[in-house]
2 protein chains.
Amino acid sequence: MVDVVTPPTSPVSRKRSKEIKRLSVIAAARQARVLSRAELTELTGLSPATLTPLVRALIDEGYLIERGPGASRTGRPRAMLEFNPRAELVAAVSLEPSRISCEIADSDGVVIAHRTARLHRDIVETICRFVPELVGDALPALRGVAIAAPGVSSGGAVRLAPAVGLVEGEPIGDSVQQRLGVPVVVDNDVNLMAAGEHAAGAGSDVSDLLLLHVADGVGAGLILGGRVRHGAAGAAGEVGFLPLDPEDRGHDGIGPFEARWSANAIAERVVALRPGHRPSAPVRDLVELSRTDPAAASYLGEVLAAWARLIVSCVCVVDPGRVLLSGAAADLDDAALDRLQSLVTLAAPAPTEVRRAVLGDRAVLHGAVSYALAAAVPAVPPLPVGSP
Amino acid sequence: MVDVVTPPTSPVSRKRSKEIKRLSVIAAARQARVLSRAELTELTGLSPATLTPLVRALIDEGYLIERGPGASRTGRPRAMLEFNPRAELVAAVSLEPSRISCEIADSDGVVIAHRTARLHRDIVETICRFVPELVGDALPALRGVAIAAPGVSSGGAVRLAPAVGLVEGEPIGDSVQQRLGVPVVVDNDVNLMAAGEHAAGAGSDVSDLLLLHVADGVGAGLILGGRVRHGAAGAAGEVGFLPLDPEDRGHDGIGPFEARWSANAIAERVVALRPGHRPSAPVRDLVELSRTDPAAASYLGEVLAAWARLIVSCVCVVDPGRVLLSGAAADLDDAALDRLQSLVTLAAPAPTEVRRAVLGDRAVLHGAVSYALAAAVPAVPPLPVGSP
DNA sequence: AATAGTTTGTTCGCCGTAGGAAGAAAGTGT
DNA sequence: ACACTTTCTTCCTACGGCGAACAAACTATT
């Protein structure tokens, strides 16, 4: 996340109070989708008298839409308010090795406009042209931009992403933020997927999870306490570098674990098992093959064992409680998933649920939405606590 | 931490506003130790007009002490205010296998009173008798109690701590909280050490760190984003269970890693290397021995390699940026520490500083202080954010 | 030494607003 | 038709944040 310079303002100034109330109501409405003023009093703790003018303002702004009266057994029926997802738009930009894709979504994650193009040299320029074009006259509703880039990111700068032509440390987030005037967050794709699954997928019911993404490499996105954790240098989740086998060696940017157990590496073995067939989904093919071919079955066992040790390692360090499999790892069938779960349960020091991620390609988008919305909320300044 | 039932109150009610201002000032004063009203305006963002009565109240309560005028080149000299650490007392209770120790400290971590006793059967009863006795007539200043227990803790209940006679899931925190009427936090000793080093030790300048504690077992305390992370089931930091060598097996509660590389395990090898000598500090002895004995030097190399792989594993998952060695691991000499640092740097995907912890025995106490103070601060209700 | 200048802390008062209380609205059950 | 319940609005008041003027306390300058 890009830090906005925060002038030292009182935590309870008039302006902030108003802002906080507004945001409380919006957040409550966003979650409940449709609710009455009475429910708002319960959810936000604000008094009805305070809510009346506030809700009126939000209706005027288009945040809320007044619907007919709701059902009621007795007494005056509640006038229902519906949250208008279109009132908040976010842009999700995904940088891939050869192309850039830009989607405009409302706060439900419904895509309103999208566009893909070859990756131009000047990424910032491209983004700053695409986004306003796609948003059109709804520009005032734009709340934030989230940029997903392969590689490690920290503090708005993207590192280790030469694939998309990013120079190390380039403050791409800051540049876009200044030109578009909305909060911008930059993060790697796996972290965004984790955020997406947490916000709207297989992790919406928990506050800690780890998303294991197996593709060309092996990476993880970590959510602890409801927020993505990047670590000190943004390298949290670089589980491809786990030294699980002393003899394994990584090479120039490839970690020892992913050198052997990534989708790429598995694809090579699958090709060897079934010559002449170039697999598009190596893990799916391997699972298929293992039903008839003992060698494939044995190799599948190795893969599961390796992934299990990876997961157990993560559990030992952070105990996420739930692990979501994404990318090639989501191609396991139920039987293989069960075996993986058993292996994990056997060796992990805490109960851990292994599931498939459910959002697939849309995970990054949902993550971007959740990021951008969170970035749009000026954080309540944390009270500094602790001895000197 | 024990959850207090929070009635749904407005985030900006009059009472809360006042509370937040108070706490802001107290927190600023606690950190700065001695400061003027002018500095308070800068630090808290509150206006001078707001501060005047607030500071007066805090002086009356004993939180602040008015000192003489400070130095000034020009203009009216600042009237300095000194934070009175005695205004906030905390109790730190440490449960060990055979005894219980209870210390009363001010918010600087200065111990005011302490007492140790054999572990009575009814722990709650013992705590609730000791604490008021030790605090005496300063009871109104007691802000919280922190209880350190070996084993894993979560939600105020301690698990896996049969050594001190705790039944699984016993809500020891809740019981004490109800009887003493102050917030109580229960956590395992390693987590508290990490909090202590973060608050007042070798990690006070960073917001992410991992403390590696090597003793009878091997455990870690994890701080991310300035707070201790427990994970979903409180098992974060159970790095003794890391499956770094496939052939290693743990047994009944002992993890595979710690079975081979804990202080206990190392002690056995050291005894074998130098028969007849029962070491009190096996790692220190091993370092000593390795200067003359090639076999010891070789084994020391193995130990360092194993610990390095452990640290690298943690870095891959959470990237703490800094790792503090505690317990037997802090007995390494500078040369060994350098070797360990090199091994880590070689294999870790992010820059990681390996240092010794500096607080030693006092780490738990400082952690307890920081915990208790944090628990005494009613958290600002986080604004719920994110798409449904 | 008187005066100007500078910074710090306090008092005053206005304005905005949180929330209590009362009332209006809009239903259901008898 | 009336009583009753619940929801929402209006009115009012008391309180507190903070802008502005003021008082205090010191240094530098003439």
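Values reported hereafter were calculated over all heavy atoms of this structure, with side chains retained and with hydrogens, waters and symmetry mates removed. As the structure is a computational prediction, the values presented were derived from the model and not from experiment.
- Residue A:Lys18 places no side-chain N or O under 4.0 Å from the OP1 or OP2 atom of C:dG16.
- The CZ atom of B:Arg78 sits 15 Å away from the P atom of D:dC26 (whole-angstrom rounding).
- Between A:Arg56 and D:dT10 there is a side-chain polar atom (N or O) within less than 4.0 angstrom of OP1 or OP2.
- Residue B:Ala49 is in base contact, counting any heavy-atom pair closer than 4.0 Å across all strands shown.
- B:Asp106 places a side-chain N or O within 3.5 Å of a backbone atom of B:Gly109 that can act as its donor or acceptor partner.
- Using a 4.5 Å heavy-atom cutoff, the side chains of B:Tyr371 and B:Val90 are not in contact.
- At the phosphate of D:dT9, OP1 or OP2 sits under 4.0 Å from a side-chain N or O atom of A:Thr52.
- Put simply, the side chain of B:Arg76 and the base of C:dT8 share a donor and an acceptor less than 3.5 Å apart.
- Protein atom CG of B:Leu35 is 10 Å distant from nucleotide atom P of C:dG9, rounded to whole Å.
- Although no hydrogens or angles enter the test, the distance criterion places no donor-acceptor pair under 3.5 Å between the side chain of A:Glu197 and the main chain of A:Ser204.
- Counting only N and O atoms by type, the side chains of B:Asn84 and B:Tyr63 include no donor and acceptor under 3.5 Å apart.
- As rounded to whole Å, 14 Å separates atom P of C:dG27 from atom CE of A:Met80.
- Residue A:Arg37 has a polar side-chain atom (N or O) positioned under 4.0 Å from OP1 or OP2 of D:dT9.
- In this structure, CG of B:Leu51 is placed 14 Å from P of C:dT11, rounded to the nearest angstrom.
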